[in-house]
Structures are given as C-alpha cells and as structure tokens.
Number of protein chains: 2
Amino acid sequence: MRADENPSGAAPQSVEDFRMRLADLGDTLPKRLQQCATYVAANLDRIAVSTVAEMAAGADVPPSAFMRFCQIMGFSGYSDLQRLFREAYAPGFPDYATRLANLKSGAGGAGRLLAEFVEAGRMSLEGLAKSVDEAALAQAVDVLSRAGVIHVVGMRRAFPVASYLAYVFEKMTVPAMLHEGAGKLDQRHALREGDAVLAISFAPYSEETLSLAADARARGLAVVALTDTLSSPLARAADAVLTVQEVDFGAFRSLSATIAMAITLAVAVGTARKA
Amino acid sequence: MRADENPSGAAPQSVEDFRMRLADLGDTLPKRLQQCATYVAANLDRIAVSTVAEMAAGADVPPSAFMRFCQIMGFSGYSDLQRLFREAYAPGFPDYATRLANLKSGAGGAGRLLAEFVEAGRMSLEGLAKSVDEAALAQAVDVLSRAGVIHVVGMRRAFPVASYLAYVFEKMTVPAMLHEGAGKLDQRHALREGDAVLAISFAPYSEETLSLAADARARGLAVVALTDTLSSPLARAADAVLTVQEVDFGAFRSLSATIAMAITLAVAVGTARKA
DNA sequence: TAGCATATGGAACAAATATTCCAAATTCAA
DNA sequence: TTGAATTTGGAATATTTGTTCCATATGCTA
C-alpha cells in the first residue's frame, strides 16, 4: 500500500470507528505500520496522554513511521488522531490497581475469576524472582548447552510447559525432542550418549517422567529437573534442580512462573549454544 | 502570599496529596489563583489531556496565572504537574522499550534474563487486567458452557495453551478434545452438531487453526477465538473473540497472560456447566 | 492620598513536539 | 540479476506549547 493513498476517505469520527478501521486494515499493512497497528490496538488508552515519540518507541518504530500510520488511518497527523482520544477521554480507563479492585468486587462471574488468576500469576512471578537459585540456573544452562539432543519430558500439568520448551528450542534451532506419554509408546530408545534430559514434574509426580529421568541418569546422561521442591523425587535423579512455586487460587494452579522459568532456560541455552 | 514562596516544601507525590494540598490552600489565595484552584478541583481529570492554555482558558485566567498556580502547588511548572496525572493514570508506563534497549547492551547471565521475563510477564498480566473485554469473556463462557464437546485447537506457540486448556477441562470433567496438527491427520470428523470450537492462534496465524475454525463455523458450530488482536483473521470466524497481548522481550513472547486467560475460561466454563 | 507590597497580563523567549522530506534500503517482478 | 516500486529511518524544519520576565494595575496601610 502506498503511503499517500487514503484507503477509505475521511478520518474516523469516534473511537469505535477507529477500531473498525484498524480491524479493516487487518494484515494488509507493511511491517512497520503493522507494528504500529498492533501496538495501538493494545494501548488505545495511552494515545490521549502520550507523545508521538512515546508511542513510536512503544511500537518500536521511528516517529516518522508512526506519522505515516496516522495518515493511513485517515488523520492529518498525530495531533489529529490524538484529538479524537482526548475528546473521548472520560477518565474511563482506570489504572491497574483500580481496575483489578473493580473486577474483584464486581458481580462475580468470569471477570472476577480472571482478576484472581492475574493476581495469583503476579505473585508467582514475584516469588520466582525472589527465590531463584542462580547457581542452579547457571548449572542447568551449562549442562543443557553441552548436550547433544535435549529430551524434554512432562506430563499432565507439566506437559504444556514441555511443549512450550520444545517450541522455543526449535525456534532457536536447538536440537530437542518432546517426549509425549501419548499411547504409552516409549520413546526412550531415542536417548543417545551425550544427550540430556530436561524433566518437568510437580506433585503428584507422574510415573513416566520419573522413570525416564531415572533411566537416563542410570545410562549416564545429564538430567535437569524443573519441579516444585528440592525434596521432589525428581530432584534425586538430577544434575541440576530448578524449583518453581506457583501460588494457587482455589484448587487451581496456573503456570506463570513455570513458563517464565522455561523460556529463560530455553533462551539462555539457545544463546549459549550459538556462542 | 508571595508567589516565590513555596508554602510546604516538596511537590505532591500523588493525586491524593494533590487534593489535600488544594484543600489546605483553601481560600488564602488571591483572586486569579483561587479561580485556578476552583477550576482544577472541578476538572482534575482534564489535566492529563489538556494544555496550560486550555486549563487557563477554562479557569478564565491568562496562562501565566495558571503557571503561578502550578508553582504555588509545589511543582516546577505545568509539565511537572501534568506528569503526576499522566502517571497516575498509566502507572509504570515509562518505559519498557527504553529498558530493553539498555538491556541489550548490558551484560548479565541467565539470572538477568529471568528477571526480564518475569517483568514482561507481570506487565502482560497487568495489561490483561486493564484491557479485558468482560462482555466478550462472558459470552465466550456462555457459548462454551452450552456446547456438547469442546474442541480445542492451537498450533506452535498456541499449542501449550491448548494442551493446558485440555488438561484443565479434563480435571473439571468438561468433555473436551485436543486437536493436534501432528501427522496432519485431520480430526475434524469428530466435530458434531452442538459442539463448539475453541481456537487459539497468534500472528503468524497457523493455517490449520484458521481452517478448522472456518470449517466449524460453516457447519454451524459455535466458535470462540483466543487471539492477539480483534483484526486477527481468526476473529472473523468467531462468535466470541478474546484478545490477549503479551509483552515481548527481545524476539520472544511468553504466555503469562494467555495462560491466565485460559485457566479463567476453563474454570468459568467448568463451573457454569455444573450449575 | 502617598507609598509600598502584591497581583496581574501579555509579550518575548525557550523547550518540546509534530511533521515533512529525501536519500538509502528493501522488496518484488521480469 | 536488473530495474521499478515501495518502504524505511533520520535529519531538517515548522508548529505548538510551556515558561519567564517585567511593566503596569490593584489594593492595602499609614
């Protein structure tokens, strides 16, 4: 799309119009303008109080690209766009704390649940940042970056984490294999000399994961454990033990902290292997 | 009162401080400054989005009088005062992009990486709490709790989320089926009248997910989308669209907010179906 | 009312911000 | 690969906005 071409005439007259136009534009935009669109869609409430430079920085584009975006959207420039949002600004969008309080006190239902899970997630992340054992983390990274193939295993609640790790490893071109319990088809013959196992398990620990870790250990492979406590049965078979505590809400445990640990591990290993 | 005299030292640090200072000043102010105080008290919410000129016009005083008012209140000028209100409104804003740039140059091992991913996760959760569309969430819960079997589909980065949903649904005894792209074995014959599809996809959207959603839609099944923007191609085929933005760190995106949304959805649906 | 202190308005200046423009990079098609 | 068309980034410029300063006005006290 050429920058001097205004796809559908006049500028949006309301925030609603604006959102529709944004949706219409969809994915027809070149890269930088797409970044603007995405960032703006996620931060509509900041337009009224930010400068072009700030918005551009947020979208990670130069200011001039953001200006082009404004024009594509049908405005004469950023000031013009901003006027729309300043006029519409009824201090409607409250800040995080207020919003959370509203959600919690609200008539219940899903919004309330969400507030609780968000809060639990934040607390888990905070706890992780405070309690991380950096030595163990460094050791885990070291072990995994020397390995041939990394075998990732996790069942039940740990399976999403395992599959996420497999995905990130793949993106970073680290040789990795996801072991699924599916069909109880044992994939452990794929373990070779020099490989490593990254095992993820939380109480109640799944038998398959424990046995794969123990097996690998017995055959002299390195094992890294991602688990809930140092006294976990998984810890016994491991060369490096990473622990993550999730704050639970009701009977449910989310995965915020575990996922954060997982991506850290994957990125650190990926980086180390390239060096 | 002399204009160069600052009645009680430092500038207010919060909107609450500000109001108290305003009240303290009471009616000890000269006429023009009193006008400012009155107008400001009645229009606190406009400060963030107005220029001095506009505020001054509102208070019916010249801009210079308004500037004096700002200084009497303990600020260095209008910009200083305005910053208080802009920050109160969008806390923690300044500014992730800048920090990222700093980080890239700085050293630091895995511990540092972890801190960044934790921070990104926290910001994502905050963003979710602020931007959640409660109506869409309620609708999604409604649709899914009426469905026969819930078909969960997600590839690549969305796959961990899909598998997590399948796990939680199972724990709550909600009939659900996880569609894996694996082996390209098409499982869509499992879709039956009265079922619903819960599709998860982020840019770049995976073809399989889109086509399954479109297919289900064409056959009259309900579709709920969990995606990154309202303009996502997935949104077009859906009866309810939930959007979640993850703050990225470098080239990497975690899943904190997405997982929080997923567990909320699963628990809300599970609860609704039991009622 | 004279003399002084304070308040006021506006014009001049400074700083921040928006906007344009164009050379260089990139992408796409032949 | 070459050339045409588009996209991109940044430097130059224009505009808006914030801030200071001071001559004048106002109100108070003696």
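Hydrogens, waters and symmetry mates are skipped; everything else that's a heavy atom, side chains included, is used. Throughout, protein chains are lettered first and strands after them, A, B, ... in sequence-line order, and every chain is numbered starting at 1.
- Closest contact between the side chain of Ser79(A) and the listed nucleotides dG18(D), dA18(C), dT8(C) involves dA18(C).
- Separation of atoms CG (Leu81(A)) and CE (Met55(A)) is listed at 8.0 Å; rounding is to 0.5 Å.
- Taking the side chain of Pro30(A) as heavy atoms from C-beta on, and the options dT8(D), dT17(C), dT20(C), the nearest nucleotide is dT8(D).
- Taking every side-chain heavy atom of Val52(B) into account, dG18(D) is the closest of dT8(C), dG18(D), dT8(D).
- The cationic atom of Arg157(B) (NZ for Lys, CZ for Arg) lies less than 6.0 Å from the six-membered ring centre of Phe202(B) and within 45° of the ring axis.
- Taking the six-membered ring where tryptophan is involved, the planes of Phe66(B) and Phe69(B) are tilted, since the angle between them lies from 30° to 60°.
- If you take CZ of Phe69(A) and P of dT8(D), they are 13 Å apart, rounded to a whole angstrom.
- The CD atom of Gln82(A) sits 11 Å away from the P atom of dT17(C) (whole-angstrom rounding).
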Please tabulate the protein-to-nucleotide N/O contacts below 3.5 Å involving nucleotides 23-27 of chain D, giving atom names and distances.
none

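- Counting to the nearest Å, the C1' atom of dA7(C) and the CG atom of Leu33(B) are 8 Å from each other.
- Protein atom CZ of Phe75(B) is 15 Å distant from nucleotide atom P of dT20(D), rounded to whole Å.
- Side-chain atoms of Ser201(B) and Thr209(B) form no donor-acceptor pair, as typed in the model, at a separation below 3.5 Å.
- Separating the CG atom of Asp60(A) from the P atom of dT8(D) is a distance of 13 Å, rounded to the nearest angstrom.
- The existence of a salt bridge linking Arg217(B) and Asp239(B) is confirmed by a sub-4.0 Å separation between a basic side-chain nitrogen and an acidic carboxylate oxygen.
- Shown here for Glu246(B) and Leu255(B), the closest heavy-atom pair between the two residues is OE2-C, 3.1 Å.
- Judged purely by distance below 3.5 Å, without hydrogens or angles, the side chains of Gln71(A) and Arg68(A) never pair a donor atom with an acceptor atom.
- When the local axes at the two ends of the helix from dT1(C)-dA30(D) to dA30(C)-dT1(D) are compared, using 5 base pairs at each end, they differ in direction by 20° after rounding to 10°.
- Here dT19(D) is the nucleotide among dT19(D), dA18(C), dT7(D) with the atom lying nearest to any side-chain atom of Tyr78(B).
- Put simply, CZ on Arg83(B) is 13 Å from C1' on dA16(C), counting in whole angstrom units.
- Summarising the geometry, atom CG belonging to Leu128(A) is positioned 11.5 Å from atom CZ belonging to Arg122(B); distances are rounded to the nearest 0.5 Å.
- Once rounded to the nearest 0.5 Å, the distance linking CD of Glu134(A) with CZ of Arg112(B) reads 11.5 Å.
- Salt-bridge annotation for Arg46(A) and Glu54(A): absent, with no side-chain N of the basic residue lying under 4.0 Å from a carboxylate O of the acidic one.
- Interatomic distance, Met261(B) CE to Thr243(B) OG1, rounded to the nearest 0.5 Å: 7.0 Å.
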Please produce a list of atom pairs where a protein N or O lies less than 3.5 Å from an N or O of nucleotides 9-13 of chain C.
from: dG9(C); atom 1: OP1; to: Arg32(B); atom 2: NH1; distance (Å): 2.3
from: dG9(C); atom 1: OP2; to: Arg32(B); atom 2: NH1; distance (Å): 3.4
from: dG9(C); atom 1: N7; to: Ser64(B); atom 2: OG; distance (Å): 3.1
from: dG9(C); atom 1: O6; to: Arg68(B); atom 2: NH1; distance (Å): 3.4
from: dG10(C); atom 1: N7; to: Ser64(B); atom 2: OG; distance (Å): 3.2
from: dG10(C); atom 1: O6; to: Ser64(B); atom 2: OG; distance (Å): 3.1

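- Between the CD atom of Gln34(B) and the P atom of dA7(C) there is a distance of 13 Å, given to the nearest Å.
- In this structure, Lys31(B) atom NZ and dC28(D) atom P are separated by 13 Å, rounded to whole Å.
- Using bins of under 30°, 30° to 60° and over 60° for the plane-to-plane angle, the ring pair Phe18(A)/Phe75(A) lands in the tilted bin.
- Side-chain N/O atoms of Gln71(A) include one lying less than 4.0 angstrom from OP1 or OP2 on dT20(C).
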